[in-house]
Amino acid sequence: MSDPRLPAAYLQPGMSSFSDFLADQAPDLLPGRVLPQGTEGRHAGDLAPHGTTIVAATFPGGVVLAGDRRATMGNIIAQRDIEKVFPADEYSAVGIAGTAGLAVEMVRLFQTELEHYEKIEGSTLSMDGKANRLTALIRNNLGMAMQGLAVVPLFAGYDLRVGQGRIFSYDVTGGRYEETAFHSVGSGSLFARGSLKKLYRDDLDVTTCVEVVVQALYDAADDDSATGGPDLTRRIFPVVQVITADGGHRMPDDEVAAIADRVITGRMIRPDGPAAALGGGSPA
């Protein structure tokens with residue numbers, strides 16, 4: 001293939017990784033890897049807003065990924081309606097925790113990476129392939145992470161080859177770990193995961209699964225000041241992405257609001273939330 005309008009390097013066969021192509025042709029366009037001058041002596045984590053809690057849970061036929069809406073800078077609420085959950089492609093999504101600006105930049109690069117691969121190769125990456133591509137992007141940010149500007153995403157999607165939802169977590173070095181049933185990341189993840197342990201069942205339908213992750217985010221916000229709970233005054237509710245064999249979609253805000261309203265109504269009666277039933281029944 002040739003095109004006189006483009007340099008030959010732009011038409012290299014087999015260059016299916018967009019980030020590799022960019023690193024080869026225009027490395028200055030990749031995210032920065034060092035702090036700017038004049039920041040010596042300051043903690044890098046104080047330079048930008050941080051996103052907090054992301055949760056994911058599988059159900060028969062798919063997976064749910066959700067995130068709260070608060071970003072913080074130290075003890076200050078930097079933004080009340082930030083979005084931390086994004087579609088990666090038709091069958092996957094990524095939620096971000098850590099330095100918000102770098103995380104959003106990484107998500108955009110990841111989306112472009114998957115789209116570029118599909119256009120070049122004529123097929124979509126497998127779930128494991130997508131998870132591995134995200135690993136490489138996280139590892140490239142290690143220098144910034146060591147200076148306090150870490151990005152820790154949670155990746156989830158529907159695997160068409162095995163016919164089920166899958167969840168992958170990461171550490172700042174790019175270590176990749178597949179999770180079973182549910183997981184959470186971010187400052188409120190400890191509390192969210194405790195809630196998920198109580199409420200999760202392997203026979204949840206999609207609506208009940210969404211309610212379980214909203215309960216988990218509520219519990220995270222109850223004990224972690226950096227996690228934002230449902231904001232009834234401003235009508236700000238979690239972003240929820242549902243992914244099945246039919247593809248992924250963001251649950252409409254009014255549907256999430258209805259679920260959040262039910263959760264809050266229940267908390268008026270039981271502030272600590274529903275109790276896990278003994279013997280495998282439904283939560284009380």
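All figures in this text were calculated on a predicted structure; none of them were measured in a lab.
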inquiry  = Test your reading of the model: is there a side-chain donor-acceptor pair from Y170 to the backbone of A131, 3.5 Å cut-off?
reply    = yes
query = What's the verdict on salt bridge (Lys or Arg N to Asp or Glu O under 4.0 Å) for D261 and R235, showing C-alpha distance, side-chain angles and the deciding distance?
reply = CA-CA 10 Å; D261 286 337; R235 303 302 289 174; 3.2 Å; yes
message = Counting C-beta onward and ignoring hydrogens, is there a side-chain heavy-atom pair between F182 and R193 closer than 4.5 Å?
response = yes
request  = Please answer whether the main-chain N or O of R80 pairs with a side-chain N or O of R70 as donor and acceptor at a distance below 3.5 Å.
outcome  = no
key: Donor-acceptor contact present, side-chain Q215 to main-chain V263, <3.5 Å   = no
message = Tell me whether Y158 contacts the main-chain N or O of G163 through its side chain, where contact means a donor paired with an acceptor under 3.5 Å.
response = yes
message = Please determine whether residues L232 and I259 belong to a single hydrophobic cluster, defined as Ile, Leu, Val, Met, Phe, Trp and Tyr linked transitively by side-chain heavy-atom distances below 4.5 Å.
response = yes
ask   = Around atom CZ of R262, are there more than 12 heavy atoms of other residues, nucleotides or ligands at under 6.0 Å?
value = yes
Contact check, side chains of M251 and V210, non-hydrogen atoms, under 4.5 Å = yes
ask   = Distance from N140 atom CG to M106 atom CE, nearest 0.5 Å?
value = 8.0 Å
task = Give a yes or no on whether F237 and I54 share a hydrophobic cluster (residues Ile, Leu, Val, Met, Phe, Trp, Tyr; joining criterion: side-chain heavy atoms under 4.5 Å apart).
result = no
E179/S169 under side-chain hydrogen bond (donor to acceptor under 3.5 Å, both in side chains): CA gap, chis, key distance, verdict = CA-CA 7 Å; E179 306 296 342; S169 66; 2.5 Å; yes
Carboxylate-amine/guanidinium proximity below 4.0 Å for D219 and R267 = yes
task = Rounded to the nearest 0.5 Å, what's the gap from OH on Y91 to OG1 on T124? Could you check?
result = 8.0 Å
request  = Could you tell me the separation between the CG atom of N132 and the CG atom of L137, rounded to the nearest 0.5 Å?
outcome  = 11.5 Å
Hphob cluster co-occupancy, F86 + L154, side-chain heavy atoms under 4.5 angstrom = no
key: Flag, side chain of D68 to backbone of T53, donor-acceptor distance under 3.5 Å   = yes
query = Can you tell if the side chain of V239 reaches within under 4.5 Å of the side chain of K84, non-hydrogen atoms only?
reply = no
Between D89 and S92, a side-chain donor and acceptor under 3.5 Å = yes
remark   = Nearest heavy-atom contact between A221 and G229 is CB-N, 3.4 Å
message = Any side-chain to backbone donor/acceptor pair from T52 onto A226? Under 3.5 Å, distance only.
response = yes
key: Step-by-step side-chain hydrogen bond (donor to acceptor under 3.5 Å, both in side chains) determination, D205 to T207   = CA-CA 6 Å; D205 60 31; T207 302; 4.6 Å; no
ask   = Do the ring planes of F155 and F110 sit parallel (below 30°), tilted (30 to 60°) or perpendicular (above 60°)?
value = perpendicular
message = Salt bridge or not between R166 and D128? Use side-chain N to carboxylate O under 4.0 Å.
response = yes
message = Would the distance check show the side chain of Y200 and the main-chain N or O of T58 forming a donor-acceptor pair, the cut-off being under 3.5 Å?
response = yes
